[in-house]
Amino acid sequence: LQWLSPPEAIEHFKSQEIWLAPPQFYELCRLCNFSSLQELHKFSSERALEGCERWMPVILSASDGYMQLLPGDELYPEDPDYTGEKKITLSTDKKVEDLMKGGSIFHRIVRKNNDLAVYVNIQAKYKHINPVMINSSNSDFSSRL
């Protein structure tokens with residue numbers, strides 16, 4: 001067992017030393033906003049009573065990858081399948097790049113080949129903080145958590 005800072009974990013993922021599921025990659029990108037544990041503690045203490053939002057990622061399969069769409073994304077369904085009973089499957093013949101170029105309101109995790117990328121340009125709810133937009137193949141961040 002080894003302790004890694006969020007940037008170190010992303011670097012290990014990038015070099016394929018560890019595997020991260022998309023939700024963990026997203027949260028590590030969110031933690032990259034903080035340069036110290038004290039800064040993270042201050043943030044979490046200040047927003048502790050604000051509430052939280054229930055999310056259900058919706059998978060959109062593209063011809064060369066897939067996206068996990070999150071609430072607020074322009075492609076996110078109005079009535080997502082929170083229970084798994086509806087068996088909703090979204091797919092397109094378009095390429096990931098075309099979906100990204102054709103869009104303007106993003107809250108998604110994109111997987112193409114072995115690369116993960118987080119794209120967010122919406123305001124986070126409940127005074128939360130958006131993740132740093134990091135592509136696992138080209139990361140640049142300054143967090144020292």
- Message: So which atom in Ile59 and which in Tyr66 form the shortest heavy-atom distance, rounded to 0.1 Å?
- Response: CG2-CD1, 4.1 Å
- When rounded to the nearest 0.5 angstrom, what is the spacing between OH in Tyr76 and CZ in Arg108? 13.5 Å
- Query: Checking salt bridge (charged side-chain N to carboxylate O under 4.0 Å, His left out) for the pair Lys42/Glu39: CA distance, chi angles, key distance, verdict?
  - Reply: CA-CA 5 Å; Lys42 181 179 184 285; Glu39 195 177 315; over 6 Å; no
- What are the two closest heavy atoms between Ala62 and Leu99, and how far apart are they? CB-CD1, 4.0 Å
- Does His41 use its side chain to pair, donor to acceptor, with the backbone of Leu37 at less than 3.5 Å? no
- Would you name the heavy atoms of Ser104 and Asn121 that are closest together and state the gap between them? O-ND2, 2.8 Å
- Mind checking whether Lys95 and Lys112 have side chains closer than 4.5 Å, heavy atoms only? no
- Item | Side-chain heavy-atom pair Asp81, Met56 within 4.5 angstrom cut-off | no
- Has the side chain of Asn33 got a donor or acceptor atom that lies under 3.5 Å from a matching backbone atom of Asn130? yes
- So do Glu46 and Lys127 actually touch side chain to side chain, heavy atoms under 4.5 Å? no
- Item | Pairwise distance OG(Ser45) to CD(Gln38) - rounded to 0.5 angstrom | 11.5 Å
- Task: Any chance you could measure Gln2, atom CD, to Ile18, atom CD1, to the nearest 0.5 Å?
- Result: 8.5 Å
- Side-chain heavy atoms of Phe34 within contact of Ile129, under 4.5 Å: yes
- Rounded to the nearest 0.5 Å, what's the gap from OG on Ser5 to NE2 on His12? Could you check? 9.5 Å
- Message: If I take atom CD1 from residue Ile109 and atom CG from residue Leu116, how far apart are they, to the nearest 0.5 angstrom?
- Response: 7.5 Å
- Do you know the tightest heavy-atom contact between Leu20 and Ala9? CD1-O, 4.1 Å
- For the residue pair Tyr26 and His107, categorise the inter-ring angle as parallel (less than 30°), tilted (30 to 60°) or perpendicular (more than 60°). tilted
- Message: Any non-hydrogen side-chain atom of His128 less than 4.5 Å from a side-chain atom of Glu50?
- Response: no
- Task: With the side chain counted from C-beta on, respond yes when Cys32 and Ile10 share a heavy-atom pair under 4.5 Å apart, and no when they do not.
- Result: yes
- Task: Write down the atom of Pro131, the atom of Val120, and the distance for their closest heavy-atom approach.
- Result: CG-CG2, 3.8 Å
- Message: Taking Leu49 as the starting point, is it possible to reach Phe43 by hopping between hydrophobic residues whose side chains are less than 4.5 Å apart?
- Response: no
- Note on the structure: Rounded to the nearest 0.5 angstrom, the CG-OG distance for Leu40 and Ser35 is 10.5 Å
- What are the two closest non-hydrogen atoms of Phe106 and Asp73, and how far apart are they? CA-OD2, 3.4 Å
- Glu53 (side chain) donor-acceptor with Tyr126 (main chain) under 3.5 angstrom: no
- Item | Steps toward side chain to side chain contact (heavy atoms under 4.5 Å, CB included) verdict (Leu90, Leu75) | CA-CA 10 Å; Leu90 301 178; Leu75 298 177; over 6 Å; no
